[in-house]
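Pasting a structure below so you can have a look.
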Amino acid sequence: MINTEHSLIIIAVMAGVTIVLRLLPYFVFSKNTPKAVLYLGNVLPYSIVAMLLVYCLKEVDITAGNHGIPEFIAVLLAAVLHKRKHNTLLTILAATICYMVLVQRFFS
Amino acid sequence: MNKKTVKRAFIASLPIMAGYVVLGMGFGVLLNKAGYSCLWAVLICVTVFSGTMQYVGVDLLASGASVLQAALMTLMVNARHLFYGISMLERYKDMGWRKWYAFFGLTDETYSIVCSDPELPEGVDRRNFNFLLTLMNHCYWIIGGFLGALLSSALPFNSTGLEFSMTALFVSVFVEQWEKSENHIAAVIGLSVSLICLIIFGADGFLIPAMIGISIGLFAFRKKIEGDGKRDKH
């Protein structure tokens with residue numbers, strides 16, 4: 001552990017930069033939003049959720065370890081279940097339990 | 001804020017609850033192992049409120065990083081939040097004072113829920129809904145961080161794999177959006193560009209190239225994406 005003062009400064013920097021990143025688009029574009037930015041704002045969610053999905057699975061190595069099999073099974077289960085039932089809570093519970101059983105019992 | 005809105009926001013926050021408590025605890029445990037008490041965990045969870053950054057932050061603190069290092073690292077890890085803000089310009093614009101907190105607390109998970117434009121029954125104020133959803137998620141995160149640092153090595157059960165709940169949340173939002181959109185170009189661009197960048201740049205460095213690539217892709221296919229229209233509810 002580094003000293004208290006330096007710790008506080010580092011935390012303040014992390015918090016400060018994050019807040020700026022989160023608020024900057026508002027300060028820059030709220031008064032006068034260019035059409036291109038509006039367009040981006042509308043379609044980005046479709047792309048970004050896909051990016052976040054890849055981000056969650058970025059540590060999966062298909063050439064080694066479990067070869068991503070537990071992840072593949074659980075993602076597939078989540079997708080199929082959600083397509084059928086459209087119940088977010090059910091999707092998450094089922095897929096997470098499935099994944100936990102897989103990595104703790106079968107692929108540990 | 002009426003009861004109905006609180007209830008609705010709580011229901012919408014449930015999918016995030018488990019993930020945040022668990023990931024928050026994971027952070028708390030790491031932070032505690034680096035020599036910081038649970039009060040530090042609360043301080044960081046309240047002010048930074050960014051999962052990935054806090055995990056990276058433990059390393060920064062433990063290694064005694066400089067201010068410049070910390071700033072650059074935060075910039076790189078959290079640059080994606082610039083995109084979130086852009087998507088919220090319209091959605092948060094009528095929120096008044098609540099928007100400051102809503103923008104401050106705009107995490108990956110809150111973003112994915114708000115962006116799926118959940119249908120709200122009559123009598124539920126969307127502005128309060130967005131505000132409360134952010135606040136509840138923030139609370140789960142703080143509670144997780146606190147408990148993790150407090151209990152540290154004495155965790156009661158084998159939680160290996162519990163972090164998958166976040167992945168499952170994104171899968172459900174992805175499916176939801178896929179069905180809502182007329183063409184799937186934006187989703188396909190997001191998926192393919194991210195995968196290609198992951199292969200080229202590796203797990204630690206693919207986010208920023210992916211964001212640039214996605215922007216280019218979205219503008220390159222703008223006519224096509226907009227042409228099929230009606231995919232946007234605004």
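Every chain is numbered from 1 and lettered A, B, ... according to where its sequence line falls, protein lines coming before strand lines. Note that the coordinates shown come from a computational prediction; the quantities given were computed from them, not determined experimentally.
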_Using a 4.5 angstrom heavy-atom cutoff, name the option from A:Leu52, A:Leu23, A:Val13, A:Leu38 with the most pairs to chain B._
A:Leu52
*Rounded distance (nearest 0.5 Å) linking atom CZ of B:Phe103 with atom OG of A:Ser30*: 8.0 Å
*Would you kindly check if the NZ (Lys) or CZ (Arg) of A:Arg22 is within the cone defined by 45 degrees around the ring axis of B:Tyr84 and under 6.0 Å from the six-membered ring centre?*
no
*Sort out for me which of B:Met88, B:Glu179, B:Gln69, B:Arg80 touches chain A most, counting heavy-atom pairs under 4.5 Å.*
B:Glu179
*Would you say the side chain of B:Val171 lies within less than 4.5 Å of the side chain of A:Thr91, judging by non-hydrogen atoms?*
no
*asked:* What part of A:Ala36 gets within 4.5 angstrom of chain B, counting heavy atoms only: side chain, backbone, both, or neither?
replied: both
*Of all of B:Val56, B:Asp108, B:Val173, B:Leu60, which one pairs up most often with chain A through heavy atoms under 4.5 Å apart?*
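Result: the option with the highest number of such pairs is B:Asp108.
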*Go through A:Ala50, A:Cys56, A:Pro45, A:Ala78 and name the one with the most non-hydrogen pairs under 4.5 angstrom from chain B.*
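Going by pairs under 4.5 Å, I would pick A:Pro45.
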*Can you say whether A:Ile97 sits under 4.5 Å from chain B via the side chain, the backbone, both, or neither, judging by heavy atoms?*
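The answer is neither part of A:Ile97.
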*Interchain contact, A:Leu24 with chain B, by part (heavy-atom threshold 4.5 Å)*: side chain
*asked:* Quick check on the interface: out of A:Leu21, A:Val17, A:Leu57, A:Val54, who has the most heavy-atom pairs with chain B under 4.5 Å?
replied: A:Leu21
_Reported OG-to-CE distance for the pair A:Ser47 and B:Met211, which is rounded to 0.5 angstrom_ = 12.5 Å
*asked:* Below 4.5 Å, heavy-atom pairs only: which of B:Ala12, B:Pro15, B:Ala70, B:Gly85 has the largest tally toward chain A?
replied: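 The residue among B:Ala12, B:Pro15, B:Ala70, B:Gly85 with the greatest pair count is B:Pro15.
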*Atom pair CD1/CZ of B:Ile86 and A:Phe29 - distance to nearest 0.5 Å*: 5.5 Å
*Go through the atoms of A:Ile9 and report whether side chain, backbone, both or neither lie under 4.5 Å from a heavy atom of chain B.*
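Contact with chain B is through the side chain of A:Ile9 alone.
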*Nearest heavy-atom pair of B:Gly161 and A:Thr96: which atoms, and what distance?*
O-CG2, 4.2 Å
_Region of A:Leu44 in contact with chain B, defined by heavy-atom distances below 4.5 Å_ =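 Contact with chain B involves both backbone and side-chain atoms of A:Leu44.
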*What is the distance from atom CG of B:Leu61 to atom CE of A:Met14, rounded to the nearest 0.5 Å?*
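These two atoms lie 5.0 Å from each other.
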_Close side-chain approach of A:Met51 to B:Leu207, heavy-atom, < 4.5 Å_ = yes
_Residue list, side-chain hydrogen bond (donor to acceptor under 3.5 Å, both in side chains) with A:Asp61, at least two apart or on another chain_ = A:Thr63
*Would you mind checking which part of A:Val103 comes under 4.5 Å of any heavy atom in chain B, side chain (CB onward), backbone (N, CA, C, O), both or neither?*
side chain
*Donor-acceptor side-chain pairing of B:Glu176 and A:His82 below 3.5 angstrom*: yes
*asked:* Counting C-beta onward and ignoring hydrogens, is there a side-chain heavy-atom pair between B:Thr52 and A:Tyr55 closer than 4.5 Å?
replied: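 Yes, side chains in contact.
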*Could you check if a side-chain atom of B:Trp100 sits within less than 4.5 angstrom of a side-chain atom of A:Ile19, using non-hydrogen atoms only?*
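No, their side chains stay 4.5 Å or more apart.
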*Of all heavy-atom pairs between A:Val49 and B:Phe170, which one has the smallest distance, and what is that distance?*
CG1-O, 3.7 Å
*Looking at A:Glu71, A:Glu59, A:Lys58, which one has more heavy-atom pairs under 4.5 Å with chain B than the rest?*
A:Lys58
*asked:* Tell me which of these, B:Phe49, B:Phe104, B:Tyr92, has more heavy-atom pairs under 4.5 Å with chain A than the rest.
replied: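 Ranked by heavy-atom pairs under 4.5 Å with chain A, first place is B:Phe104.
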*Check each atom of A:Thr18 against the heavy atoms of chain B and say whether the ones under 4.5 Å are side chain, backbone, both or neither.*
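Contact with chain B is through both the backbone and side chain of A:Thr18.
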*What's the verdict on ring pair (Phe, Tyr, Trp, His ring centres under 6.0 Å) for B:Trp178 and A:Tyr46, showing C-alpha distance, side-chain angles and the deciding distance?*
CA-CA 8 Å; B:Trp178 184 271; A:Tyr46 297 92; 9.8 Å; no
*Examine whether an atom of A:Phe107 lies under 4.5 Å from a heavy atom of chain B, and if so say whether it belongs to the side chain, the backbone or both; otherwise answer neither.*
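Contact with chain B involves no heavy atom of A:Phe107 at all.
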*Quick one: which of B:Ile11, B:Leu14, B:Asp204, B:Val46 has the most heavy-atom pairs under 4.5 Å with chain A, could you say?*
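Greatest number of close heavy-atom pairs with chain A: B:Leu14.
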_When B:Lys93, B:Met73, B:Lys99 are compared by non-hydrogen pairs under 4.5 Å with chain A, the top option_ =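 Highest number of pairs under 4.5 Å: B:Lys99.
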*Would you call B:Phe164 and A:Met100 a side-chain contact if the rule is heavy atoms closer than 4.5 Å?*
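Result no, sub-4.5 Å side-chain heavy-atom pair not found.
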*Could you tell me whether a side-chain N or O of B:His81 sits under 3.5 Å from a main-chain N or O of A:Val20, the two making a donor and an acceptor?*
no
*CG on A:Leu40 to OG on B:Ser87, rounded to 0.5 Å*: 7.5 Å
*Output the distance between atom OG (B:Ser66) and atom CD1 (A:Ile10), rounded to the nearest 0.5 Å.*
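Rounded to the nearest 0.5 Å, the OG-CD1 separation comes out at 6.5 Å.
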